[in-house]
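Here is the structure we will look at.
Below, chain A is the first sequence line, B the second, and so on; all start at residue 1. Values below: all heavy atoms of this structure, side chains included; hydrogens, waters and symmetry mates excluded.
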There are 2 protein chains.
Amino acid sequence: MKKKLSIVDIANALNVSKTTISFILNGRAQEKRISAELVETVMKYVEEVGYKPNSLAKSLRTGKSNTIGLMVEDISNPFFASIARLIEERAYKNGYKIIYCSTDNDTQKTKELIDMFRDRHVDGYIISPPEGIEEDIESLTKDGMPVVLFDRHLPNVDTDFIEIDNLFSTYNATRHLIDQGFKNVAFVTFASNQTQMIDRVKGYQNAIEAAGLPVLIKEILFNQKEELIMNPLREFMIQNTNIDAILFGTNHIGTCGLKIMQEMGKNTPTDIAIISFDDYEVFELYSPPVTAIAQPIDEIADNVISVLLEKLDYHSASTKLKGVILKTNLKIRKSSIKASA
Amino acid sequence: MKKKLSIVDIANALNVSKTTISFILNGRAQEKRISAELVETVMKYVEEVGYKPNSLAKSLRTGKSNTIGLMVEDISNPFFASIARLIEERAYKNGYKIIYCSTDNDTQKTKELIDMFRDRHVDGYIISPPEGIEEDIESLTKDGMPVVLFDRHLPNVDTDFIEIDNLFSTYNATRHLIDQGFKNVAFVTFASNQTQMIDRVKGYQNAIEAAGLPVLIKEILFNQKEELIMNPLREFMIQNTNIDAILFGTNHIGTCGLKIMQEMGKNTPTDIAIISFDDYEVFELYSPPVTAIAQPIDEIADNVISVLLEKLDYHSASTKLKGVILKTNLKIRKSSIKASA
DNA sequence: CTGAAAGCGCTAACAT
DNA sequence: ATGTTAGCGCTTTCAG
């Protein structure tokens, strides 16, 4: 059990050629008309000595690594962590392993990461792409690599992608706020040209304009550091004292918003009503519970991995590209309900 | 740029032997006394055509895959996700990539996962081990594989490990509750024989017994499903109406506990004081903010990866095993402060 | 039905 | 100082 045995070891032990062993191990015994009893012998022996083919050698030979590269914005963000969890599970079940990394929405870092993945000969890519990565993704697909984007897509790049209906989601949430009677509804989000962000802004804007209300948008530079989110947010709040409702564009901004509210002693929903994008334990437990736009995590993960596996299977087949758009669920909780005055 | 070029392609193009190229690329030019100008030429050409050595072939040849296997209990748990994030970063910086998976604390699943990692020739293992995995870990170390355990260790297996001072953490937290004047302090945790859990129970028990108070422990079967945590918890609460403070053994149980409190209309800390293990955004934002035992995430990740990298470097050197025990930080918030009656 | 042999791309003795 | 060559362990023609 100590020594790593190779296919030739077992071939020798059984006095058979390694070719035969290889065929048997790869289920091509039938096809090659290898005697059932030989198959049996080999299988038993392999089992017995615990022989495992060297997957590195196999990969080198076949060009397949049975690895999927997963690039999320930030694995420590619960949204991405949950999706990664589900994807991981499905992937392993299908004989693929996942190597992952966080892009931080940093284009340069992402480029390097893609390079590394290429280096490693991953068989397929799952990416929540940052801006400016179009060329690299294109070069990937051009070289025939299966790529599935999620959470957002790249407008001018043809790939499969899975996302949610961002525009309707924020439109709907904003409408809800308006219906409740709020007049100065702000939208706070990250400054970004990513498709999902643009749509979220649009959804808000459409609803507000349709209602003839003032558009109040605060864009914050993307950053993981909490302070750099909270500072501009605090400023915004101070400068716009008339705001009576806020829609937060991401879970991270949402929680920061909650902190600001606490810090400033604002009550929800009496002083300011709140809705956040992404559902999240903290929103459910907060008092009052925070209304949230819940993304269908399971469905997203399911679709992502299904689409990718499909491409991996019929590698050649010109399965046409798919853009899947999933529905979100507005979970209405107390934070967005107008106090019956 | 389309065709994958190999080392021999570039050797031919430059009319040099591939050995020379190999040496240059691996920084052994000096050592091999290769002329500076040749080195220059080669480097420039390599850069120009964007040649990247095939890491698979390299791995096959050298037996090193530059991959670290990371096995956490559940990547979607914020504690593990945060650690994974930090480990990932440090690993990539050092030229290692991470392949990861969640064990679910399932021994059988973990065994298979370890097998898979072995198959993939990962160079080192970072594991938060479930119970019953002793033999497999041992066989790993016996075969000379670098292994670092974290969050817990295996009592009868000699490995490096990084953990926190669980016993003192719960002891301290319990003392705090007692000092506040609470008389019926319960401890709710997962039923487990893992070292960290055992110590957490002991810490609680020691403090309680030292104070001559009644020991009130509720153990819940490990499960991800929220309902299967909440049901027994609810039952426990109903059967022990005299409890005036609870210490929760993990973040997951903690948030479930919060939900139960809300559901039962219990006020914190007037009806029941609360402390949870693991700090977590939700605890900070909750009203009242929840006292929590904060683990030093950064330090844990730092230590884990440092220890592993060290072992990876001096592979042979008999660096003696390290058990690192880190301190936690009891973040005292309102939920555990006795209302001045 | 089975075996010999080539070769995936790279490294490292061993020449020269 | 640079080139030759033998594998790492596997798959896969091509011949028996």
### Task
Just call it for S55(A): base, sugar-phosphate, or nothing, with non-hydrogen atoms closer than 4.0 Å on any strand.
nothing

## Note on the structure
When rounded to whole Å, the CG to P distance for the pair N12(A) and dC10(D) reads 12 Å

### Query
OP1, OP2 of dG9(C) versus side-chain N and O of Y51(B): anything below 4.0 Å?
no

### Task
Tell me what L56(A) touches on the nucleic acid: a base, only sugar-phosphate, or nothing, going by heavy atoms under 4.0 Å.
nothing

### Query
Does R152(B) reach the main-chain N or O of P129(B) with its side chain, forming a donor-acceptor pair under 3.5 Å?
yes

### Task
Would you mind telling me which of dG3(C), dT2(C), dC10(D) lies closest to the side-chain atoms of I34(A)?
dT2(C)

#### Entry: Which residue lies more 5' along DNA chain D, comparing N54(A) with L38(B) via nearest heavy atoms
L38(B)

### Query
Would you say a side-chain N or O of R33(B) is under 4.0 Å from OP1 or OP2 of dA1(D)?
yes

### Task
With the side chain of L60(B) defined as its heavy atoms from C-beta on, choose the nearest nucleotide among dT2(D), dC10(D), dG9(C).
dG9(C)

### Task
For residues D123(A) and N66(A), determine if any side-chain heavy atom of one lies less than 4.5 Å from a side-chain heavy atom of the other.
yes

### Query
If you fit an axis to the five pairs at each end of the helix from dC1(C)-dG16(D) to dT16(C)-dA1(D), how big is the angle between those two axes, to 10 degrees?
50°

#### Entry: Verdict with supporting geometry, S102(B) and D104(B), side chain to side chain donor-acceptor pair (under 3.5 Å)
CA-CA 6 Å; S102(B) 306; D104(B) 286 333; 5.6 Å; no

Please write out the pairs of protein N or O atoms and N or O atoms of nucleotides 12-16 of chain C separated by less than 3.5 Å, giving the distance to one decimal.
{"unit_1": "dA12(C)", "atom_1": "OP2", "unit_2": "R28(B)", "atom_2": "NH1", "d": "3.1"}
{"unit_1": "dA12(C)", "atom_1": "N6", "unit_2": "T19(B)", "atom_2": "OG1", "d": "2.9"}

### Query
Judged by atom type as modelled, is there a donor-acceptor pair below 3.5 Å linking the side chain of T103(A) to the main-chain atoms of M71(A)?
no

### Task
Check whether any side-chain heavy atom of V304(B) sits under 4.5 Å from a side-chain heavy atom of V324(B), and report yes or no.
no

### Query
Can you find a pair of side-chain heavy atoms, one from L309(B) and one from Y96(B), that are under 4.5 Å apart?
yes

### Message
Taking E89(B) first and then R85(B), would you say they form a salt bridge - that is, a charged N and a carboxylate O separated by under 4.0 Å?
### Response
yes

#### Entry: Sidechain-backbone polar pair: N12(B) side chain, D9(B) backbone, donor-acceptor under 3.5 Å
no

### Query
Counting just side-chain N and O atoms, does S17(B) come under 4.0 Å of either OP1 or OP2 of dT4(D)?
no

#### Entry: Whole angstrom value for the distance that separates C1' of dG3(C) from CD1 of I24(A)
13 Å

### Query
F117(B) vs Y125(B) aromatic rings, parallel, tilted or perpendicular, using cut-offs 30° and 60°?
tilted

